[in-house]
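Here the structure is a predicted model, which means the values were calculated and not measured.
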Amino acid sequence: AICSISANAWRLDNTAVRTSWGQQQQQQQHQLRVTFQLRGGADSNNQADDDVPPVVVPLIDRPRVMAKKKKALILLDAFCPYHGIFLANRAKILYGVTIIPVLSDYMKGYFTLQQPEDLDRLLSMCMPSEDEKEHWCRPLKGYELVAVVCESDSGLADAERLGILLNTTYANGFNEARRNKYMMIEQVQEAGMKVVKQRLCESVDGACNFAKELGIDSSQSDDDDVCVVVKPVRGVGSEDVFLCKDIDSVKSAFEVVVKPVRGVGSEDVFLCKDIDSVKSAFENIHGGTVFGSPKEKHQAVLVQEFAVGQEFALDVVSKNGEHKVAAVWIYDKRPANGASFVYYATKLYDGPHMEEICKYVRKSLDALDVRWGITHTEIILTADGPRLVEINCRQHNMDFIPLTMECIGYNIFDMLLAAYFGGEDPYIYPAETEGERLNWDLLPLNPLKRMNGAMIHIVNYANGTLTHLNEEALMEIQNMQSVMNMEIYPPFLHVGNKILPTVDIRTDAGWVQMVNPGREEFQKDYDRIIELMPTLFKSKMIHSNGA
């Protein structure tokens, strides 16, 4: 068997978890306390005295039962309980691996600005420089430094640099094309794959001329397929991505994304159909910088043809160039509250295009010389085949573990650990966890889905002061056979709070995790949840005069 974890092992019992939204929030707060406990490091001897300036040293988090060979995994910016912290705990428990938490330069700058009470301790976790390397590595003598795993988008370049500096056993080297969207598409095209047409433009005229080549003219087209995408060269997800149907929109969008904010998910994603919507988009994002590089400004923008089709996301683990897909997701994005690309759901997929899209992603990873680690890749399946949107060398940014454990039987972090540590003789690892460790060689190239699963994003349509919470509808959702867990965020739970409509992931009202072996019942519950969304919250607009 791949592993001995049962389908319900990740539930509190053998029935669907019925955690209320209030209980869920309390659990999350407890998990966050665990997070910062890890960030302090397990060895008290490594903590700097208050009177001594912080020195960059490794904070060593040793497992209760250590492997017979001393191995260490370096985790960069590992703060999330269901991402980096989960991986750290699994590595310690399953493999007896030591964890070295490290801060990226971006997070160093963030904490320096925020000035938390434990600033010295946090700054001591910063990346070592070339000059600091010998001192930093001294406490780790005798350890094999296996790999660097980065949780954050802002730390991805630092992770590649740190892997090279420390000469970790497994690393991909440094390649700017893994983060630069223009270079990424060019490199994939050079490998002989079909991609969207694109051009890097340093002026408004250049952007407009290329848009004309793609079929855009001065008047707005009624054809939804005749448009271009204008985006920053470096960004995250759909951040600052504009869908433009006329030249004025291209000009305005270009002016906006000269200095965009780099962010996550669908934050600041606009469909520009007229000047008013472009002005609104401009006001939302103008004045920002490259995400993860506070001192760097965008000097050019990327204009691409619009790929028409369904968008997919593929989570992959690579072991020495062998790419195994952990999960395939299909996005349900719809217009809402004046925004063009609002996430309603992310659903697990096992349809007829599985082999085609998985093959395309594997070739894309090869083109970018990704041989080790986790990647989250987004593509659009057009009538002429798949087209790459982007590759991210980090995990899928949502709480996917309960869904993949139920619907597939394993998760991407356990796959990653199998890739890094599974080649050793099993006797060196803790005997009591042998049954939980995955066997990489038995994992399929593409995942086999045994149940239907989805993460629903609760979209709020109300704007103003919250006057009513539809608890009857929430109870209906919670009691659905397909609902495994759910959470409504605190601002939406208390009458009198100011709430805003959902326009991106950051403004979601909450989430619902769904699992059901029956396709029809799953789809019925799925549709009903989306039908109930407009009724969940009622508000009263706040006027400028206070009335």
Side-chain angles (χ1 to χ4, degrees), residues 56 58-61 67 69-78 83-84 87-88 90-91 95 97-107 125-134 136-137 140-180 183-184 187-188 191 292 315-324 326 361-362 364-377 390-395 412-424 440:
V56 177
L59 293 181
I60 304 173
D61 184 13
K69 290 184 180 180
K70 296 172 72 174
K71 294 174 177 285
L73 188 64
I74 301 163
L75 300 187
L76 201 68
D77 297 344
H83 289 156
L87 175 61
R90 296 295 280 178
Y95 292 89
V97 169
T98 295
I99 300 299
I100 312 296
V102 179
L103 287 182
S104 67
D105 286 345
Y106 178 82
M107 292 308 299
M125 297 162 54
C126 294
M127 291 174 46
S129 66
E130 183 70 46
D131 293 337
E132 296 167 325
K133 173 185 173 181
E134 182 178 352
W136 191 89
C137 289
L140 297 173
K141 185 177 180 181
Y143 277 92
E144 176 191 357
L145 302 182
V146 176
V148 179
V149 180
C150 183
E151 179 184 301
S152 72
D153 286 286
S154 54
L156 292 176
D158 283 347
E160 291 186 353
R161 295 187 186 99
L162 187 60
I164 295 171
L165 177 67
L166 300 179
N167 192 28
T168 56
T169 305
Y170 307 122
N172 291 317
F174 189 84
N175 186 350
E176 179 63 23
R178 299 188 193 116
R179 292 164 296 283
N180 184 298
M183 294 171 63
M184 182 181 296
Q187 199 159 316
V188 169
D315 300 330
V316 178
V317 175
S318 301
K319 178 182 179 180
N320 197 25
E322 183 183 24
H323 312 297
K324 294 194 173 184
V361 167
R362 288 189 179 93
S364 298
L365 294 174
D366 287 340
L368 292 170
D369 199 23
V370 175
R371 299 188 58 78
W372 293 95
I374 286 176
T375 50
H376 174 70
T377 301
E390 63 183 22
I391 293 174
N392 303 284
C393 295
R394 43 88 176 154
Q395 76 291 320
I412 196 169
F413 292 122
D414 285 349
M415 288 179 66
L416 180 68
L417 294 174
Y420 284 151
F421 302 105
E424 293 276 5
W440 174 268

Open item on the list: Is there a side-chain contact (heavy atoms from CB on, under 4.5 Å) between Met184 and Glu390? Walk through the geometry before answering.
Closed with: CA-CA 7 Å; Met184 182 181 296; Glu390 63 183 22; 4.1 Å; yes
- [ ] Apply side-chain contact (heavy atoms from CB on, under 4.5 Å) to the pair Ile391 and Arg178, showing each step before the final yes or no.
- [x] CA-CA 7 Å; Ile391 293 174; Arg178 299 188 193 116; over 6 Å; no
- [ ] Output, in order, the C-alpha distance, side-chain angles, deciding distance and verdict of side-chain contact (heavy atoms from CB on, under 4.5 Å) for Ile99 and Leu87.
- [x] CA-CA 10 Å; Ile99 300 299; Leu87 175 61; over 6 Å; no
- [ ] Give the C-alpha distance, both sets of side-chain angles, the deciding distance and a yes or no for side-chain contact (heavy atoms from CB on, under 4.5 Å) between Thr98 and Lys70.
- [x] CA-CA 8 Å; Thr98 295; Lys70 296 172 72 174; over 6 Å; no
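Qualifying ring-ring contact (aromatic ring centres under 6.0 Å, His included) partners for Tyr170, counting only residues two or more places apart in sequence or in other chains: Trp372, Tyr420. For His376, the ring-ring contact (aromatic ring centres under 6.0 Å, His included) partners at least two apart in sequence or on another chain are His396. Checked against side chain to side chain contact (heavy atoms under 4.5 Å, CB included), Ala171 has the following partners two or more places apart in sequence or in another chain: Thr168. With sequence neighbours excluded, the residues satisfying salt bridge (Lys or Arg N to Asp or Glu O under 4.0 Å) with Lys69 are Glu424. For the salt bridge (Lys or Arg N to Asp or Glu O under 4.0 Å) test, no residue two or more places apart in sequence or in another chain qualifies with Asp315. Ser152 pairs by the side chain to side chain contact (heavy atoms under 4.5 Å, CB included) definition with Asp77, Cys150, Ser154, not counting sequence neighbours.
Put simply, CG on Asn175 and CG on Leu368 are 6.0 Å apart, with the number rounded to the nearest 0.5 Å. Between atom CD1 of residue Ile374 and atom CG of residue Leu416 there is a gap of 4.5 Å, rounded to the nearest 0.5 Å. One finds the CE atom of Met127 at 14.0 Å from the CE atom of Met107 (value rounded to the nearest 0.5 Å). Annotation: the span from Glu322 atom CD to Leu365 atom CG amounts to 12.5 Å, rounded to 0.5 Å. Asn320 contributes atom CG, which lies 10.0 Å from atom CH2 of Trp440 (distance to the nearest 0.5 angstrom). Atoms CG and CG, on Asp369 and Asn172 in that order, are 7.0 Å from each other to the nearest 0.5 Å.
Heavy-atom minimum distance, Val56 versus Cys126: CG1-O, 3.0 Å. Between Gly321 and Asp366, the shortest heavy-atom distance links the atoms O-OD1, 4.2 Å. Between Ala72 and Ile100, the shortest heavy-atom distance links the atoms CB-CG1, 4.1 Å. The two atoms that bring Asp153 and Arg394 nearest to each other are OD1-NE, 2.9 Å, heavy atoms only. Nearest heavy-atom pair, Ala367 versus Ala191, reported as atom, atom and distance to 0.1 Å: CB-CB, 3.6 Å. The two residues Cys393 and Leu156 come nearest to each other via the heavy atoms O-CD2, 3.1 Å.
Glu151 places no side-chain N or O within donor-acceptor distance of the main-chain N or O of Leu75, the cut-off being under 3.5 Å. Here the side chain of Lys71 pairs no donor or acceptor atom with the backbone of Val146 at under 3.5 angstrom.
In this structure, Ser318 and His323 have side chains that are in contact, with non-hydrogen atoms separated by less than 4.5 Å. Within the 4.5 Å cutoff, the side chain of Ile60 has heavy atoms near those of the Leu140 side chain. In this structure, the side chains of Leu166 and Trp136 come closer than 4.5 Å at one or more pairs of heavy atoms.
The only option from Thr375, Val317, Leu417 that meets the side chain to side chain contact (heavy atoms under 4.5 Å, CB included) definition with Ile412 turns out to be Val317.
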